[in-house]
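This report concerns only the one structure given below.
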Amino acid sequence: MADPDDPIRLCDPGSQAPSELSALFREAPLELPSEARLEAMRLRLPGTPLGGVEPGASLTRSALAKAVVGVVALGIAGATAIWVAQRGEKPVVAPAPARSASMPETSSEPTRPPAPLESEAPAPLESVPVPSAAPPRTQEKAGANRRPDVAPKRADEALLLERARRALSSDPALSLALVRRHRSEFPNGVLRQERDVIGIEALRRLGRSDEARSKADEFQRDFPNSPHGRAVERGQSK
Amino acid sequence: MSQPAQAPPELHAVFRDHARYVWRCLRHLGVPDADADDVCQEVFITAQRKLSGFEGRSSLRTWLYGIALRVASDYRRSAYVRRERATAEPGEGQEPSTDGEPQAEVRQQLAKLLSRLDADRREVVVLYEIEGFTMKEVAEVVGCPLQTAYSRLYSAREQLFEAAKAGKHRG
């Protein structure tokens, strides 16, 4: 894909593979862990606060509720200690609630984590803007933690598009979401034609025939000599 | 605009973007579904220790795959696996994941074919044909010369062609 010296893949047109084998590589869906399992793994990562909130992430409603409970409990304990001290008695410190100590780091504005490449549901986390209780240094760090600091490369562009292609048969909605992400991250990428072809096919598979037709016409106008032109037309005639 | 040296990626961000991919790689590398979560955890714990040294010369995916490869190798050598290993093969195991029956069957058929390859060839096929790495990246990740990677790919393809023609993926 990205390297012209590489042989044609078994799933690609023009492959010398038996058709059944080619179909298996083309159609076999990626095996993915469920979201619940992923979340369980994430919660066990080093550095995950007790509330389960990712450092630098916005609070979900449930995590916010937990944080509020924790703060209120601390407030009650603190107020009790002050009141008792003012009375001249030895303060009795109430037992701290289980998850009070670590106020999750928050950012001052909603942080939408980018949809991971393998995401089945590209919808972002429900987030609630929370005034940050963290010092400015943490806020800066939180802002920088939104995505890995690695410049996209051609291999990454190709991999993202490959994900979109492989999702076509099992989850065309995901495929379309990945195409949109590709367009966003690689607006001038070298695989634009391939991206458009996948996007058109995803629309067709979603039953959005009029949109697919419109995109196909646009593709033919933009790339009249494209080697993908026939594939686009064949797709529209299905 | 000149930029200072880039900060290493943050673990949770790396997990968010690449956990599914790492988990899938581990399954391809022979880690059963029942243990995949724990082994995946181990990969990211190991990655955290090394993140400060990640220089971005390769993509995160190739870098993580290298870690997954070593962790999966350790897993296979562990006494637990020797005692418990029965018939688990790449792609087989407990219920997963996210597919309905037809898709799972297709994946199982592919897994049957892949299981006929030795580990070296299977790894190259998975990385190139399924995960979409370039051959140069494949060679880098598996730690062999590019020509060796090509050789493994072509011999694996011969085996797969024969097996597919003989219907080894069915039944």
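So you know, we letter chains A, B, ... as the sequences are listed, proteins then strands, and number each from 1.
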Chi angles and distances behind the side-chain contact (heavy atoms from CB on, under 4.5 Å) call for A:Phe25, B:Leu160: CA-CA 11 Å; A:Phe25 275 94; B:Leu160 289 172; 4.0 Å; yes
Exercise: identify the closest heavy-atom pair between B:Phe161 and A:Leu21: CD1-CD2, 3.4 Å
Chain A-proximal positions within residues 36-45 of chain B [heavy-atom distance under 4.5 Å]: B:Asp37, B:Asp38, B:Cys40, B:Gln41, B:Phe44, B:Ile45
Gap between atom CG of B:Leu110 and atom CZ of A:Arg26 - 0.5 Å precision: 12.5 Å
Between CD on residue B:Gln48 and CG on residue A:Leu45, distance to nearest 0.5 Å: 8.0 Å
Salt bridge B:Arg20-A:Glu35, side-chain N to carboxylate O under 4.0 Å: yes
Shortest non-hydrogen contact from A:Ile8 toward B:Arg157: O-NH2, 2.7 Å
For B:Glu140, salt bridge (Lys or Arg N to Asp or Glu O under 4.0 Å) partners two or more places apart: none
Student check: side-chain heavy atoms of B:Arg24 and A:Pro33 closer than 4.5 Å: no
Test item: B:Trp23 and A:Leu32 side chains (from C-beta on) under 4.5 Å apart, heavy atoms: no
Spatial distance of atom NZ (B:Lys112) from atom CG (A:Leu24) [nearest 0.5 Å]: 11.0 Å
Inter-residue atom distance B:Thr134.OG1 - A:Asp5.CG, 0.5 Å rounding: 10.0 Å
B:Tyr128 and A:Leu10, any side-chain heavy atoms less than 4.5 Å apart: no
Heavy-atom check, side chain of A:Asp6 versus side chain of B:Phe133, under 4.5 Å: no
